[in-house]
Every structure is written in structure tokens, then in C-alpha cells.
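Below is one structure, written out as C-alpha cells, with a few remarks after it.
The structure presented is a predicted model; accordingly, all values stated were derived computationally and were not measured. Within every chain, numbering begins at 1; the chains are lettered A, B, ... in the order of the sequence lines, protein sequences first and strands thereafter.
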Amino acid sequence: MEPLWQDETAERGLHEEALVVDIAGFEGPLDLLLHLARSQRVDLSRISVLALAEQYIAFIERARSIRIELAADYLVMAAWLAYLKSRLLIPQQAKDEGPSGEEMASALAFRLKRLEAMREAATRLINRNRLGRDVFVRGAPEHIVTERKSGFDASLYDLLSAYASLRQRQAVTQVTIEKRHVWSLSDARLILARMIGDLDDWTALDHFLVRYMATPKERATAIASSFAASLEMVREGRLEIRQEEAFAPIYLRRGPNPIDAETLAEMEAARG
Amino acid sequence: MAEAQKYLPGVPDEEDEIEAASFDPRLEQEAERIAEALVFASAQPVSEAYIESRLPRGADVHGIMLRLKALYAARGVNLVQVADHWAFRTAADLSFVVQTDEQEVRKLSRAALEVLSIIAYHQPVTRAEIEDIRGVQTSKGTLDVLMEAGWVRFRGRRRTPGRPVTFGTTRDFLDHFGLEELRDLPGIEELKGAGLLSGRVPSNLNIPVPTGDDELAENEDPITQLDLEELGLLTPKGEEAD
Amino acid sequence: MAEAQKYLPGVPDEEDEIEAASFDPRLEQEAERIAEALVFASAQPVSEAYIESRLPRGADVHGIMLRLKALYAARGVNLVQVADHWAFRTAADLSFVVQTDEQEVRKLSRAALEVLSIIAYHQPVTRAEIEDIRGVQTSKGTLDVLMEAGWVRFRGRRRTPGRPVTFGTTRDFLDHFGLEELRDLPGIEELKGAGLLSGRVPSNLNIPVPTGDDELAENEDPITQLDLEELGLLTPKGEEAD
């Protein structure tokens, strides 16, 4: 039986000639290592862990040289393999504590074998005769067996997912969402229209706005919107505007064509 | 015939040469098996024409069906003919076996699952606390359903004003959900790990470790017969309320 | 066929009289019919205990089920055992005839399939152990998919510090993959023999395991909503960032 992962080998990132590095094709460092081990074309119990370590490190180096973002896991594994390599190459000191290079190598070989065994098991499992695909149940069942005393059905999974989603939902809704207030152009226009009515003399824009600003945070949006609205109103002759120099205060006063009460009422009505 | 051959490994080729008139008994047997499986798996009675279309060429479908009918006649399940369709039915004299199961298994509603899970994790818990956690009122019917299922019980009364009744889960609850003890209920990390809680769990979300089944909490009083009568859950004089 | 003949009514069965001397063979026959009808009528596997509860007192339910199993072994519909339950299923070799267009078999991702196998072969297994075997983190939702399919369940908690939850497979898993019991998992004996299911790396050294983003190191505090806002990773007001 063809193992699943072999089917995918062709799509995997590593091609020996092309040297195309695509780390995304692998499910983590162990998957990559297993793939490299397979390329030694020997029984997994006879792979050369030293050669494997070298291949892995070379692969990672290549990936880094062409600036592929590598997850930390890959780098940690590379560092560990470099350490393993040094343990394998340098003879063990008598008083050296810790595991020998051979022990480390066999631990790695075990993990690769175990992962491969699980992949093969998965393939065999999925290729079994499956209910609903190869094997079928009675199409017209005549009763439902009730073996439970309660007469109610629910699984632990149902229970836990109900609880988890409830708690999460509730926890989220308990967060009070503060609406960030943004002055729209029409807001600003209306506010200006209300204020300008009785303005005979030059008055600073900021001065007007202060009373409309609930919090200092609104300052920027209020000034931006009302300045834009005031330019429009100048064009319509409803107000006049003056500024001494850049960043100086902006002064406003009633224009030659002021907003009468009727127009203002219309504007208020339009705003709701 | 060649088609049937494909399905029957081990049947020698030469037999194929014999014309349909003398149908190979082994093919006959295979045709029987196919007819059986087809009728079994179908949600509706299966027409003889359809069965024939699935049988090896040359098979005498009607003869096969009649033989199967005879074969099953004395069994617990009979093959019955409905017009020109075929179906399996429980033998008429055994219908009592199948029909005594009148109690249908009902799925718990979402609300009931939520309330049950809150009681499981937060016990001993009062109704007000359940509502507080869910953010909605709990209908009386929901708790009734859980009581009826035998999964929820009155545990005691909280020693607070109003002495509210506290709820807890039962031994049957543990049995049904395959838990050995309440402490086996997964905690926040495990719910997260299993993908039941999404990654960004709000920091204000705490999942309590439920307290043991039988012990009362410090601020709990045991529930008495009198309490039950008072709550209208038990008619006076200790008659069984159902 | 000769074997089937033996159990058909009206055919005396001397062998039975010798073994179950106390039990009337005709009652035995009746018990067989009832068991057959019960299991045949249900799409879900039926527990042996339930069948027993419906049989005349004293009937050897297991013996009956095994005889029925043998009786149906060569037929188009087989009696199969799923853990301590029984079910009728179409014979696997007939899948090509019974197949319809509407068949729906859950498609599993490679990762989900791998996790499923690891749970099946290593159960009871914790999430950390699954990740140790695969060498990568299990994405959220992978376990969720398997649990939703009804193939994987929370089994219990490991009696080690932290009491991690363990996972196992369900009866539906056995049913779906046509396994009588876990011992029937393909190659499980060989894997056990090779020490590949011991879960113990034969060395006192562990190679790097994935850093679980769920777990915090001892010297870490969990990141709070406030921190995230401060860091500009989350817009204020707790809106879902996605």
C-alpha cells in the first residue's frame, strides 16, 4: 500500500536538483527531517543521523540565504542538530554528564520511525472499508434503540461546546464598547450654522468648539470637520474666515449671506 | 457474464462459456448477495427492475427474490414484496420487540445544554446565577427537562437572603457523559486546546473547578422534605410527585 | 448454505440440545429471531446487554450472536461486532453495487487523519503527547473536527501533575472503520512489538518540542486585553480582531 505522504512527495518543496526551498510544504521540523531521511533511501533504522543533521542544517542555511522566513521551531531544531553533530563527532569525555551523541541520535531516529509508523497507520486506516462509502447501514431502520434511562441524548462534546461558546460569547459581550465619536461634515456644518447666527465679530474657531467637545479626544475630528464645513460655508457667503499665519487661530464671523432661521430649521430637520 | 466475473475472484473462466440457461450456481449465490445488500441499504423499497440492473447479466431476478423471500420467511426479518418492489421488514410476530421502544430519544435543546453545562461547572449554583451567566432568563421547562433526564438535582439551599435553591448534577449525569468525577470536566486550557474555545479567550473568562458531588458547600444547607413541599415540588405528605 | 440450513426453523439441531440442555431449542430459535429482528431494525449498533434484556430469560446472548454472525458471514448483509455492540452492515466486497451518488464520507485533512491515528493507536493520549509525536502543534479545530465527527472523545484525565485531559476514540470510530475492537487496528501488534507505541523515547534526552503558544513559561504572566491594546495589537473597545 502506498503511504499517503509519498503521494505528496512530488508536491513537497525539496527538489534535489532545483533546490527550490519551500518550507511551507512541511508540517514542522520533524516532517522535514523525515522527508530528508527518506531521501537516504535506506531503512529508517539504518539512516545516518549525522548525514541527516548535515542535510537539515544545509537546508535551513539555504532557506535563510534566500531569505525565507523560518519559524522558530526550524531554527531550534537546526541548533539542536548542530549540537548533536558535535556530540557525534567529538568523543565522549569520561566525566561528561548528559546523554551521549549516540543516545541523542537514537532518540531522534526513534521519533522519526514513530512518526513514519503513525503515517503508515493513518494510510491503512483511511483505506479500510468505511461506513457510508464501502459498507452501508440499514437504509430504512424501523426503530431507534433507547438504551438510556433518560430518553434524552447529548454527548459530552455537545455539552462542552455549548458551555465553551456560551462563556466566550458572554465574556465578549460584557466588554463595554465605547463608541468613538467622529464628527461628520454635516454634523459640523449644523453646529457652525447654529453658532454663527449671532456672530458679529471675529471669534476663534476653537472657542466655539470647546463647548461641543465632550472629551479632548474629539478635538482633532471636530476641528478637521468644522474647518472643512466652514470653507464650504464661506463659499456660500454664509460666513467669513480669517487666519493670521500658519497654525495661528482661525477666526470666524457672520458672512454677507447669513443663515436665516428658516434655513437652519430645514437643516435641523434634515439631520433628524 | 464477463462483468460478473470481475466480482467473483476464483471462479474459473470456462464456466463463463456456458450460456445463461444453466446459470452458474456460484454466480446465482452472488446475485442473491447483491440483491440482499441492495434491499438492505435502500431507504425505500427497491424495484425489481433496479435490482436486475445491478445483477450479473442473465440472472433471473424474480427467481432470486422468491428464493430470498423463502429463505427469510422463518427468520426474525422477512423480505416482503410491495407491488413490484422489495423491502426488509421485521417479522410481523416480532413487531412487539421493535415497538415497545416508544420512548423516543430526544435531542437536548441548545438552551438545555447551556444550562446543564453551567450547572455542571458552577455547582452549587442558583437559578439567578445561571441566568446571570447566560445573560437570559431560563424558562422553567428547561430545568424541568434536565430534572426529567435525571441529570440535575436540587442540592441544597444557599445561606443567603431568600435561601435560594442550589442545583447540582447527579451520578447519572456522570455516567451518561462518561465522566468518573466532576473534576474530569476539561478546564479552560483543554477547551482551548481542543478548539472549543477560540484562541483569543477574554481575560475575564474563568472556568471554575466544580466542587464534589456529594458534599455541600460551606454556605449551603441540605434540602429537606419541608423545603421540597414548600417549593411545590413535592405534594405534602411525601407523595411522589411526577 | 449447509450451515444456514442448520438454523432454519423446523430443522432439529441435536448439538444444541446437548450443550444447552436446560434451554429449550425452540426457545433458543425464538431468541435468535428476536436478536436478529432487533439488530436488523436499527441503523445504530445495538448493545449486547440491551439485546439480552429483550430475550427470554436464560438465553445465551453471546452464543446466539456468534451463531448469527456465522450464519450471515457469507451473505450480502453481515452481522458485525462493534465493541460490545452488534450491527448489520452490507458486505464490504459488495460496495461497488451498493454505492450511490449521495454517499457522504467526511474528508479529513492530512493533519486531522494523523491526529486521529495517533489517538487511536496511543490512547489514552494527551494533547502534548500527540504534539510530541507529530513534532508540530495541533492547530485549533483539528481536534474539534474529530470530536464533531464523533470519532474522538475526552476520555479522562491523566494522573500526573496538571491532570491533563486524555483523548480516545469512540464506538462510532470503530463502526466507521469497520473495526470490532481497538485490537483490530491495522498493524497495532507489530507497532507495539517494535516499541513504537510505548510513548517513551528510549533516552533521557528530549529533542526540542514545539513551544506551545497556549502554555506560559513559569516566569511569564498571561497577556491581557489591556496589554494588547497598549501594544497597539488590538484596537481598543475589544472588537474582534481578525
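The structure places NZ of C:Lys192 at 11.0 Å from CD of C:Glu190, a figure rounded to the nearest 0.5 Å. Between atom OH of residue C:Tyr121 and atom CE of residue A:Met118 there is a gap of 6.5 Å, rounded to the nearest 0.5 Å.
Heavy-atom distances place the side chain of A:Leu156, and not its backbone, under 4.5 Å from chain C. With a 4.5 angstrom heavy-atom cutoff, A:Arg128 touches chain C only via side-chain atoms. At a 4.5 Å heavy-atom cutoff, the contact between C:Ala111 and chain A is made by backbone and side-chain atoms alike. Residue C:Ile188 does not touch chain A at all, counting heavy-atom pairs closer than 4.5 Å. Residue contact with chain A, scored on non-hydrogen atoms closer than 4.5 Å, is absent for C:Ala87. Neither the backbone nor the side chain of C:Arg153 comes within less than 4.5 Å of any heavy atom of chain A. With a 4.5 Å cut-off on non-hydrogen atoms, A:Leu84 does not touch chain C at all.
By the 4.5 Å heavy-atom criterion applied to side chains, C:His176 and C:Trp151 are counted as neighbours.
By number of non-hydrogen pairs under 4.5 angstrom with chain A, the leading residue of C:Val77, C:Asp144, C:Leu116, C:Leu191 is C:Asp144. No other option in A:Leu160, A:Leu125, A:Asp158 has as many heavy-atom pairs under 4.5 Å with chain C as A:Leu125. Chain A forms more heavy-atom pairs under 4.5 Å with one residue of C:Gly150, C:Ala194, C:Ser53, C:Ser95 than with any other, namely C:Ser95.
C:Thr166 and C:Gln123 share no donor-acceptor pair across their side chains, judged by distance under 3.5 Å alone.
For the pair A:Glu27 and A:Arg119, the salt-bridge criterion is not met [side-chain N within less than 4.0 Å of a carboxylate O]. Salt bridge status for A:Glu102 with A:Arg87: absent, with no side-chain N to carboxylate O gap under 4.0 Å.
Pairing each heavy atom of C:Leu185 with each of C:Leu179, the nearest pair is CD2-CD1, 3.7 Å.
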